[in-house]
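In what follows, a single structure is set out as structure tokens and then discussed.
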Amino acid sequence: MRNPTREVSIGSVCIGNYHPVVVQSMCATPTQDVEATFAQVIQLTEAGAGIVRVAVDHPRDVAAVEALSRKIAALDLPLREKINLSVDLQENFRLAEALAPWVAKIRYNPGHLHHLEKDISWREKVRWLVEVAQKEDVALRVGVNCGSIDPEKKTGEDPVFASALEHADWLEELGFERFCVSLKDSHPENVLKINRLFAQKRPSIPIHLGVTEAGVPSVGIPKSRAALEPLLREGIGDTLRISLTVPNERKREEVEAGQALLDDVAANRVTVPSDWNQAGLNIISCPSCSRVQNARFVDLAMKVHEMTTYAKAYPFTIAVMGCRVNGPGESDHADIGLWCGADRVNMKLRGKLLGSFSYDTILEKVKETLDDLILARTDSSE
């Protein structure tokens, strides 16, 4: 039995209130490349995505979203009615006002609200976002991510849970209820914990489920299932995304993986062993999205998986991150962190910067560092 969350309309779909769980995905094409993004929106929608998200961080992105929306409006039915655009605001929350007329939902990250206009409190910024959403008749998502935590929530109780709860409370205090919340982490056990906590504390609020930076399909799909399958069986979750590191032409695999998960849950097929855990090497890599500065990031993530199979028994974490949004946080928390830029890859060892390397040489440096970690662990156990 699904949790009795309230209904939230997002374009032509509704989440909550026992509506079917909506699968969504995010475009990996540069938002300003309108033709490529339009093609990917159609690819994802035809694969079954009820909501498609694009990233926005610059006024030129806003112009691209407007052009994209106009192209969608010119499509024939029934495809046109199936497309529901959502935008992912980065630091520049003020872009919401120009974006709202062209989309069905705006996702903001509480951690990013602290980056601009620091003299204005986050509460006043959210109040302004609510006014925009009400004026333009759009929904909001409070998207909390372990890789970009609100700086005021880094101590005490779980910061993802605390941030999501605080923002949900404030939105409702403002009299705004057309929103959902996502609480994402790169570790399935944390995703289970924080979503169960939130669903227990605020059972009426729709939840978007996902494991952030789940990785390439061979790892990302089982990792996502380990968190999302139990939650769905418990009635938690109204919309979801399986975040995978794949090339642009394979983005539909996110949608297909999400639909397969829902089909298995509906058929009562249990696919995650009760003793599932992440013992051994844990490789985190973010999904391909329009924030990625170099498409070689995807290839690098796949090569890291292939190269490190010999070390799968060792309990280390390697993060391969493709953008500046969650890259700094996740690479700081990993044993080996790779934060991929346009031409160079920043490499960290347990939060300490080792240097910046070319895409051609970084794999060799990763192996060398991993071997050193294994040797040090072996020596300490003798």
Side-chain angles (χ1 to χ4, degrees), residues 1-10 12-25 48-51 84 86 105 107 139-146 157-158 160-169 171-172 176-212 214 220-243 254-277:
M1 176 65 72
R2 297 268 303 286
N3 278 10
T5 55
R6 62 173 171 252
E7 181 175 301
V8 172
S9 62
I10 302 168
S12 64
V13 299
C14 290
I15 63 172
N17 193 29
Y18 304 113
H19 286 283
V21 177
V22 176
V23 176
Q24 57 181 278
S25 184
I51 301 169
N84 298 293
S86 174
K105 183 177 70 170
R107 182 261 192 179
L140 295 178
R141 166 152 69 101
V142 181
V144 193
N145 193 305
C146 68
E157 62 184 335
D158 184 277
V160 175
F161 169 72
S163 185
L165 185 63
E166 183 177 59
H167 278 255
D169 288 346
L171 285 168
E172 291 186 337
F176 187 77
E177 294 189 341
R178 193 178 170 190
F179 71 93
C180 63
V181 168
S182 61
L183 306 91
K184 293 189 178 183
D185 197 284
S186 54
H187 295 275
E189 61 271 23
N190 291 342
V191 173
L192 283 165
K193 180 185 73 173
I194 56 183
N195 280 278
R196 283 167 172 160
L197 278 172
F198 190 87
Q200 181 181 33
K201 187 75 173 180
R202 302 305 307 274
S204 67
I205 297 177
I207 293 178
H208 167 71
L209 296 177
V211 175
T212 189
I221 291 175
K223 189 183 288 187
S224 296
R225 279 180 172 258
L228 274 54
E229 185 175 301
L231 290 172
L232 291 167
R233 292 186 186 284
E234 294 166 22
I236 299 171
D238 302 280
T239 175
L240 64 84
R241 178 190 178 194
I242 307 291
S243 300
E254 289 193 347
V255 182
E256 292 165 351
Q259 290 179 316
L261 169 60
L262 293 178
D263 289 344
D264 285 338
V265 171
N268 202 29
R269 291 189 291 265
V270 178
T271 66
V272 180
S274 59
D275 61 349
W276 187 93
N277 61 67

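In this text the structure is predicted, and so the values were computed from the model without any measurement.
Arg2 and Asn17 share no donor-acceptor pair across their side chains, judged by distance under 3.5 Å alone.
Side-chain contact between Thr239 and Pro206 is absent, with no heavy atoms from C-beta onward closer than 4.5 Å. Residues Val8 and Cys180 fail the side-chain proximity criterion, which asks for heavy atoms closer than 4.5 Å. Using a 4.5 Å heavy-atom threshold, the side chains of Ile207 and Leu231 count as separate. Taking the side chain as every heavy atom from C-beta outward, Ile205 and Glu177 never approach each other to under 4.5 Å. At least one side-chain heavy atom of Ile242 sits under 4.5 Å from a side-chain heavy atom of Leu228. Within the 4.5 Å cutoff, the side chain of Glu229 has heavy atoms near those of the Val270 side chain.
When all heavy atoms of Ala49 and Ser25 are compared, the pair lying nearest together is CB-N, 4.4 Å. Here the closest non-hydrogen pair linking Cys14 and Val22 is O-CG2, 4.1 Å. Summarising the geometry of Asn195 relative to Leu183, their closest heavy-atom pair is ND2-O, 3.1 Å, with the distance given to 0.1 Å. Across every non-hydrogen atom of Thr212 and Cys146, the tightest pair is CG2-SG, 4.0 Å. For Leu192 against Pro230, the heavy-atom pair with the smallest separation is CD2-CB, 3.8 Å. Across Asn84 and Ser12, no two heavy atoms sit closer than the pair OD1-N, 2.7 Å.
Put simply, CD on Glu254 and CZ on Arg241 are 4.0 Å apart, with the number rounded to the nearest 0.5 Å. Atom CG of residue Asp169 and atom CZ of residue Arg202 lie 5.0 Å apart, to the nearest 0.5 angstrom. Atom CG of Asn268 and atom CZ of Arg233 lie 5.5 Å apart (nearest 0.5 Å).
Stacking of Arg107 on the aromatic ring of Phe179 is not recorded, the 6.0 Å distance cut-off and the 45° axial limit not both being met.
With Asp238 as the fixed residue, the side-chain contact (heavy atoms from CB on, under 4.5 Å) test singles out one of Val21, Asn3, Leu209, Ile15: Ile15.
With respect to Lys193 and Glu189, no salt bridge is recorded, no charged nitrogen being found less than 4.0 Å from a carboxylate O. A salt bridge is defined here as a Lys NZ or Arg NE, NH1 or NH2 lying under 4.0 Å from an Asp or Glu carboxylate O, and Asp263 with Arg269 fails to meet this definition.
Listed by chain and number, the residues in a side-chain hydrogen bond (donor to acceptor under 3.5 Å, both in side chains) with Ser9 are Arg178 (sequence neighbours excluded). For Arg225, the side-chain hydrogen bond (donor to acceptor under 3.5 Å, both in side chains) criterion is met by Asp264, Thr271, not counting sequence neighbours. Residues satisfying the salt bridge (charged side-chain N to carboxylate O under 4.0 Å, His left out) criterion with Glu234, sequence neighbours excluded, are Arg196.
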Start with the C-alpha gap between Asp185 and Val211, add the side-chain angles, then the distance that decides, and say whether side-chain contact (heavy atoms from CB on, under 4.5 Å) holds.
-> CA-CA 6 Å; Asp185 197 284; Val211 175; over 6 Å; no

